[in-house]
Amino acid sequence: VSLSEQTSELNPAVVARKILRTIDGQTDTKMSYTYSKHYFHYMVKSNLVYLCMAEQSFSRRNCFQFLNDIAGRFETSFGERGATAGQYEMNEEFHRIMQNQMEFFSKHRDQTHQVKEEI
């Protein structure tokens, strides 16, 4: 069940749904998939799945830092409500937080990535 969603230019809905169908949401884990020129990263924490899409140039570490940040903010905002919520129920309340954090993490990428771009 999707509780909230925020996308940018590429609409990853079909790929994300395929990935979500394969995930065992009962076991805390982290995984990444490649699709075209994008990576889909997900983590399962406390029976909730957090998924993001990023360009290949965006570091895996930053993506999982983003997901950890979002998971913490989600848990702080909603607590146990996430376990019983309906699809997109938290979208109205949470999409602005996701958008702000996406912008923050995009602007504050790994310093090693910035050095590589400068070289």
Side-chain angles (χ1 to χ4, degrees):
V1 174
S2 300
L3 301 179
S4 183
E5 177 177 79
Q6 173 65 33
T7 61
S8 58
E9 293 176 18
L10 177 67
N11 184 348
V14 173
V15 176
R17 281 189 208 108
K18 287 181 182 181
I19 292 170
L20 289 169
R21 280 189 286 243
T22 67
I23 298 172
D24 171 17
Q26 304 301 310
T27 306
D28 287 2
T29 188
K30 294 180 181 179
M31 182 72 70
S32 299
Y33 290 96
T34 303
Y35 178 78
S36 185
K37 295 182 179 181
H38 294 84
Y39 287 120
F40 289 80
H41 306 282
Y42 76 84
M43 63 178 252
V44 178
K45 184 176 180 187
S46 302
N47 298 325
L48 292 173
V49 178
Y50 300 90
L51 179 119
C52 73
M53 179 199 74
E55 295 175 354
Q56 289 179 346
S57 62
F58 203 78
S59 82
R60 186 174 189 266
R61 185 176 79 180
N62 273 11
C63 290
F64 283 108
Q65 286 174 338
F66 167 76
L67 290 173
N68 277 315
D69 179 79
I70 290 296
R73 290 172 189 276
F74 189 87
E75 290 170 5
T76 299
S77 297
F78 302 112
E80 298 294 318
R81 283 180 49 204
T84 58
Q87 188 167 3
Y88 298 111
E89 188 173 321
M90 275 68 168
N91 197 48
E92 187 174 328
E93 293 176 68
F94 202 67
H95 84 277
R96 180 75 60 208
I97 294 170
M98 287 196 306
Q99 183 177 10
N100 290 340
Q101 293 312 103
M102 286 170 57
E103 291 172 10
F104 175 83
F105 277 86
S106 292
K107 290 178 185 174
H108 299 91
R109 299 173 113 180
D110 274 347
Q111 295 223 337
T112 55
H113 178 75
Q114 289 175 347
V115 170
K116 286 179 185 178
E117 283 185 349
E118 290 173 7
I119 295 175

Taking all heavy atoms of [X] and all of [Y], pick out the closest pair and write down the distance.
X: Phe74; Y: Gly82; result: CE2-CA, 4.1 Å
X: Phe58; Y: Cys63; result: CD2-SG, 3.4 Å
X: Glu92; Y: His95; result: O-ND1, 3.4 Å
X: Ile19; Y: Thr22; result: O-OG1, 2.7 Å
X: Gly25; Y: Val49; result: CA-CG2, 4.5 Å

Check: Just wondering, are more than 12 heavy atoms of other shown residues or ligands nearer than 6.0 Å to CD in Glu80?
Finding: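 Atom CD in Glu80 is not packed in, count stays at 12 or less.
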Note to self: Counting only heavy atoms from other residues, nucleotides and ligands, does the tally under 6.0 Å from CD of Gln56 exceed 12?
What the structure shows: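 Result for CD/Gln56: enclosed.
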Notebook entry, point to check: Residues in side-chain hydrogen bond (donor to acceptor under 3.5 Å, both in side chains) with Ser46, at least two apart?
Noted result: none
With clusters defined by side-chain heavy atoms of hydrophobic residues (ILVMFWY) lying less than 4.5 Å apart, directly or transitively, does [Y] cluster with [X]?
X: Val15; Y: Leu20; value: yes
X: Met102; Y: Met43; value: yes
X: Phe105; Y: Phe94; value: yes

Just verifying a value: how many Å separate [X] [atom1] and [Y] [atom2], rounded to the nearest 0.5 Å?
X: Leu51; Y: Ser32; atom1: CG; atom2: OG; value: 9.5 Å
X: Phe66; Y: Ser106; atom1: CZ; atom2: OG; value: 8.5 Å
X: Gln65; Y: His108; atom1: CD; atom2: NE2; value: 12.5 Å
X: Leu67; Y: Lys45; atom1: CG; atom2: NZ; value: 11.0 Å
X: Glu89; Y: Arg81; atom1: CD; atom2: CZ; value: 6.0 Å
X: Met98; Y: Met90; atom1: CE; atom2: CE; value: 12.0 Å

Notebook entry, point to check: Going by the angle between their ring planes, with limits at 30° and 60°, are His41 and Phe64 parallel, tilted or perpendicular?
Noted result: perpendicular
Notebook entry, point to check: Going through the checks in order, is the side chain to side chain contact (heavy atoms under 4.5 Å, CB included) test met by Phe104 and Asp69?
Noted result: CA-CA 11 Å; Phe104 175 83; Asp69 179 79; over 6 Å; no
Note to self: Just so I know, are the side chains of Tyr33 and Tyr42 near enough to count as touching, which here means a heavy-atom distance under 4.5 Å?
What the structure shows: yes
